Amino acid sequence: MTDSTAARKPRRSAGSKAAGTTGTKAAGTTGGKAAGTTGGKAGAGAKRTTRTTRTAAKKGSETELVQLLTPEGERVEPTGKAPYAEYAGYVAGITPDELRGLYRDMVLTRRFDAEATALQRQGELGLWASLLGQEAAQIGSGRATREDDYVFPTYREHGVAWCRGVDPTNLLGMFRGVNHGGWDPNSNNFHLYTIVIGSQALHATGYAMGVAKDGADSGVIAYFGDGASSQGDVNEAFNFAAVYNAPVVFFCQNNQWAISESNEKQTRVPLYQRAQGFGFPGVRVDGNDVLASLAVTRWALDRARRGEGPALIEAYTYRMGAHTTSDDPSRYRHDDERAAWEAKDPILRLRRHLESAHHADEGFFAELETESEALGKRVREVVRAMPDPDRLALFEHVYADGHALVDEERVQFAAYQASFAESEGV
């Protein structure tokens, strides 16, 4: 299997330019059906929607949802007031080849995620955080980034990692307990996964402030969930980014549940509206619409690179699986809620469009199914072959230039480990 993109190189020097345009480059275009995820007809309850869907919010306010691809797979061309037409312009020229690439990305990301979940259930991983249902938000936004942009993820951005060229098997080392990340962040401009909720928003903001001081035209994007929006770190990041006009995009995947806490216990207003209080724009996008996620993220990153400051994107989506494999969502939500969202499945949505527009045939889907199964097999083999870590490696990289106390602790720990070997020898 070939990675979706070539490894990216860090570019923080003044005046750096990315090859190509601000748009995404779709991954390979051959491939086919994801096991158990694509194909089929529109599920019962799938409702026809328009580009901007207004839904009643609390206290009679209204929420606008940017949508460019309906659950039935129909393209919708926006009309009316700006900036909605501007968003659509960012994907107006998307080609069938690029659409197939987006579909391939989502299918393979879901296949990888399903394999990782199965491996955890088999005892090969200690924990896993599934992205099931959030593929469009991640692939759309991930493909909107340029090589010289920098990404700060949480621990669920497996699709974004795929877009940045990180080998998916590298994501599993931390969950197996053999490393603290498994990849060099500067090789792909993709930071290590962050477990502490919301802290990466401050890291991203500080990095973006550095980018601005360097005079570079790259952007920064920080991912977090709806629950993290209640954290002080995220709100502090909003304030710093606004005051210093940092070129950062805050991408909130609102999957409706912060573990077992629903949105109703998190906020009194739609999350994207919080940006207004800090002085920068916020947009709610249909997070199950890969085209809308792609377009709005391109827009936000473009304005950040032009020096127009931060933006908040709320990708309104749904976590179809558990928060992590240690969670039981049946204890706090009903099956009918999931069923309603399954009718809006992001992969099925794009497949319907590809089929109705005659952009893909059965050969494409069959080839992708074969590639999908090959990916699953490779993931299983790599995980089970991961070697135990060097116990002394935890002393590496604590300080950039080393430290006498760390050296002393390393010697003590090595002697302690050696004592076990001596006991076994006796």
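These values consider heavy atoms only, across backbone and side chains, with no hydrogens, waters or symmetry-generated copies. Predicted model, so just to flag it, every value in this text is computed and none were measured.
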Hey, are [Y] and [X] close enough side-chain-wise for a donor-acceptor pair under 3.5 Å?
X      : Y      : value
Ser141 : Tyr223 : yes
Gln122 : Arg384 : yes
Thr317 : Asn255 : no
Ser199 : Asp233 : no

Legend entry - Qualifying residues under ring pair (Phe, Tyr, Trp, His ring centres under 6.0 Å), relative to Tyr316, sequence neighbours excluded: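 Ring pair (Phe, Tyr, Trp, His ring centres under 6.0 Å) check on Tyr316 returns Trp341.
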Legend entry - Contacts of Phe152 that satisfy ring pair (Phe, Tyr, Trp, His ring centres under 6.0 Å) - sequence neighbours left out: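 So Phe152 forms a ring pair (Phe, Tyr, Trp, His ring centres under 6.0 Å) with Tyr150, His191, Tyr207.
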Whether [X] side chain and [Y] backbone form a donor-acceptor pair below 3.5 Å:
X      : Y      : value
His353 : Gly73  : yes
Trp162 : Leu108 : no
Asn179 : Met174 : yes
Arg100 : Ala360 : no
Thr70  : Glu74  : yes
Asp289 : Gln67  : no
Asn235 : Ser229 : yes
Thr194 : Val196 : no

Heavy-atom closest contact ([X] atom, [Y] atom, distance):
X      : Y      : value
Pro247 : Ala304 : CB-O, 3.4 Å
Asp286 : Ser293 : O-OG, 3.7 Å
Pro346 : Gly133 : CG-O, 3.8 Å
Leu171 : Ala161 : CD2-CB, 3.9 Å
Asp113 : His158 : OD1-CD2, 3.7 Å
Ile347 : Met106 : CD1-O, 3.6 Å

Inset, instruction - Name all residues meeting the side chain to side chain donor-acceptor pair (under 3.5 Å) criterion together with Tyr244; count only those two or more places apart in sequence or in a different chain, and write none if there are none. - result: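 If we apply the side chain to side chain donor-acceptor pair (under 3.5 Å) test to Tyr244, skipping adjacent residues, there are no hits.
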Nearest 0.5 Å, what's the [atom1]-[atom2] distance between [X] and [Y]?
X      : Y      : atom1 : atom2 : answer
Thr205 : Gln200 : OG1   : CD    : 10.0 Å
Trp183 : Arg164 : CH2   : CZ    : 13.0 Å
Arg156 : Ser130 : CZ    : OG    : 7.0 Å
Asn288 : Lys344 : CG    : NZ    : 7.5 Å
Gln253 : Glu157 : CD    : CD    : 5.0 Å
Thr325 : Arg121 : OG1   : CZ    : 5.0 Å

Legend entry - Derivation of the side-chain hydrogen bond (donor to acceptor under 3.5 Å, both in side chains) call for Gln266 and Ser230: CA-CA 7 Å; Gln266 291 288 327; Ser230 298; 2.5 Å; yes
Inset, instruction - Check step by step if ring-ring contact (aromatic ring centres under 6.0 Å, His included) holds for Trp128 and Phe112. - result: CA-CA 12 Å; Trp128 184 248; Phe112 161 72; 5.7 Å; yes
Is the shortest side-chain N to carboxylate O distance from [X] to [Y] below 4.0 Å?
X      : Y      : result
Glu135 : Arg104 : no
Arg352 : Glu72  : no
Asp302 : Arg305 : yes
Arg319 : Asp226 : no
Glu373 : Lys377 : no

Inset, instruction - Cation-pi check, Arg351 to Phe365: give yes when NZ or CZ is under 6.0 Å from the six-membered ring centre and within 45° of the ring axis, no otherwise. - result: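 Yes, a cation-pi geometry holds between Arg351 and Phe365.
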Does any part of the side chain of [Y], heavy atoms only, come nearer than 4.5 Å to the side chain of [X], both counted from C-beta?
X      : Y      : result
Val290 : Asp105 : no
Phe238 : Pro310 : no
Val382 : Leu172 : no
Arg298 : Val91  : yes
Pro387 : Val178 : no
Glu115 : Arg111 : yes
Gln256 : Asn254 : yes
Leu99  : Leu291 : yes

Inset, instruction - Quick one: do Gln276 and Val269 satisfy side chain to side chain contact (heavy atoms under 4.5 Å, CB included)? Show the steps, please. - result: CA-CA 11 Å; Gln276 298 176 15; Val269 299; over 6 Å; no
Inset, instruction - List the steps, then state whether side chain to side chain contact (heavy atoms under 4.5 Å, CB included) holds for Arg349 with Leu69. - result: CA-CA 8 Å; Arg349 182 182 302 202; Leu69 192 66; 3.9 Å; yes
Inset, instruction - Decide side chain to side chain contact (heavy atoms under 4.5 Å, CB included) for Val283 and Trp299; before the verdict, give the C-alpha distance in whole Å, the side-chain angles of both, and the deciding distance to 0.1 Å. - result: CA-CA 11 Å; Val283 181; Trp299 164 83; 3.8 Å; yes
Inset, instruction - Let me know which of Arg306, Arg303, Arg146 forms a salt bridge (Lys or Arg N to Asp or Glu O under 4.0 Å) with Asp217. - result: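 Filter result, single survivor: Arg146.
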Inset, instruction - Can you establish whether the number of heavy atoms outside Phe175 located under 6.0 Å from its atom CZ is more than 12? - result: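 More than 12 within 6.0 Å, yes.
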Legend entry - Asp390, CG: over 12 other non-hydrogen atoms inside 6.0 angstrom: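 Atom CG in Asp390 is crowded, with more than 12 foreign heavy atoms closer than 6.0 Å.
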Inset, instruction - Test side chain to side chain contact (heavy atoms under 4.5 Å, CB included) on Thr145 and Thr297 and set out the steps. - result: CA-CA 8 Å; Thr145 61; Thr297 309; 5.5 Å; no
Inset, instruction - Go through the steps to decide whether Asp97 and Thr95 satisfy the test side-chain hydrogen bond (donor to acceptor under 3.5 Å, both in side chains), and finish with yes or no. - result: CA-CA 5 Å; Asp97 185 67; Thr95 66; 4.9 Å; no
